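Bear in mind that the values here come from a model prediction, so they are computed numbers and not experimental data. Heavy-atom basis, side chains included; hydrogens, waters and symmetry copies ignored. Each ligand, and each atom within it, is numbered from 1 in the order the structure gives.
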Amino acid sequence: MSTQRLAEAIEKLRGAYGGLEAELAARPPRCWSTLVDVVAGGPKAKSSDSPRVPLDQPEQLVKLPVEALQEALKVTGRDQRRAGALQALANWWPGDDPDESWCEDHERRHRELTAIRGVGHELVDRILLLVLGLPAMPLSRAALRVGCRHGWSGLESEYDEWQHLFRQAAELADSSLPEVWWLINRVGRSHCGSRPRCDDCPLESLLPEGGPYEPE
Ligand code: SF4
């Protein structure tokens with residue numbers, strides 16, 4: 001039942017926001033540059049310093065002082081607080097054109113990423129989903145808030161239950177997990193923050209009788 005309602009929500013969000021094609025085209029999977037964008041955000045500014053700081057070369061990044069990497073992230077408008085994690089990820093990254101079997105070893109990649117300092121559970125799944133192309137739904141605040149407020153699941157639910165819910169609903173809505181992730185986070189940013197703004201939200205018609213449940 002919850003799966004069906006979530007599938008309906010995905011369809012409504014797709015109708016309101018469109019698909020994900022342009023976003024995905026800008027971030028091809030299995031690329032180091034995609035990983036940089038996923039971890040530290042995309043570039044928001046051009047830097048004349050960029051040739052000196054090879055953000056696109058993981059083997060060079062591991063040798064940099066972390067302060068230099070922080071500065072490189074800052075001048076390109078990215079999140080400089082991610083410098084330490086990015087450096088650890090550069091050390092983990094297998095190099096250009098990673099092998100298909102390396103990318104597809106979900107369990108091992110999950111284990112390795114979870115062990116990296118500064119890479120939390122949500123970011124682990126974001127890397128698995130958007131960089132390695134694996135079926136892992138990042139349980140962001142937005143995903144949990146929207147899911148709990150509509151009663152599709154609860155904060156007491158296990159990680160695997162949430163994963164199952166999102167995977168099944170994506171299939172039912174003929175969508176993909178990256179698209180679901182993008183749509184849910186989009187509605188989270190525009191309407192479903194710490195306080196829900198249900199008026200004019202694309203999911204207003206799917207609210208439980210009596211309004212949204214309180215997740216916290
Ligand atoms: S803002 Fe309201 S209608 Fe929109 S997703 Fe959140 S709880 Fe649902």
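Between Arg126 and Glu122 there is a salt bridge, since at least one side-chain N of the basic residue sits less than 4.0 Å from a carboxylate O of the acidic one.
Identified under the side-chain hydrogen bond (donor to acceptor under 3.5 Å, both in side chains) test for residues 84-95, with sequence neighbours left out: Trp92-Glu112.
Contacts of Asp99 classified as side chain to side chain contact (heavy atoms under 4.5 Å, CB included), with partners at least two apart in sequence or in another chain: Ser101, Trp102. Here His150 pairs with Trp152 under the ring-ring contact (aromatic ring centres under 6.0 Å, His included) rule; sequence neighbours left out.
Within a 6.0 Å sphere centred on CG of Asp79, other residues, nucleotides and ligands contribute more than 12 heavy atoms.
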Criterion side-chain hydrogen bond (donor to acceptor under 3.5 Å, both in side chains) on Ser140 and Asn185, from CA distance to verdict: CA-CA 8 Å; Ser140 60; Asn185 285 290; 2.9 Å; yes
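Listed as neighbours of ligand 1 are Arg149, His150, His191, Cys192, Pro196, Arg197, Cys198, Cys201, Leu203, Glu204, Leu207, Pro212, each bearing a heavy atom under 4.0 Å from the ligand.
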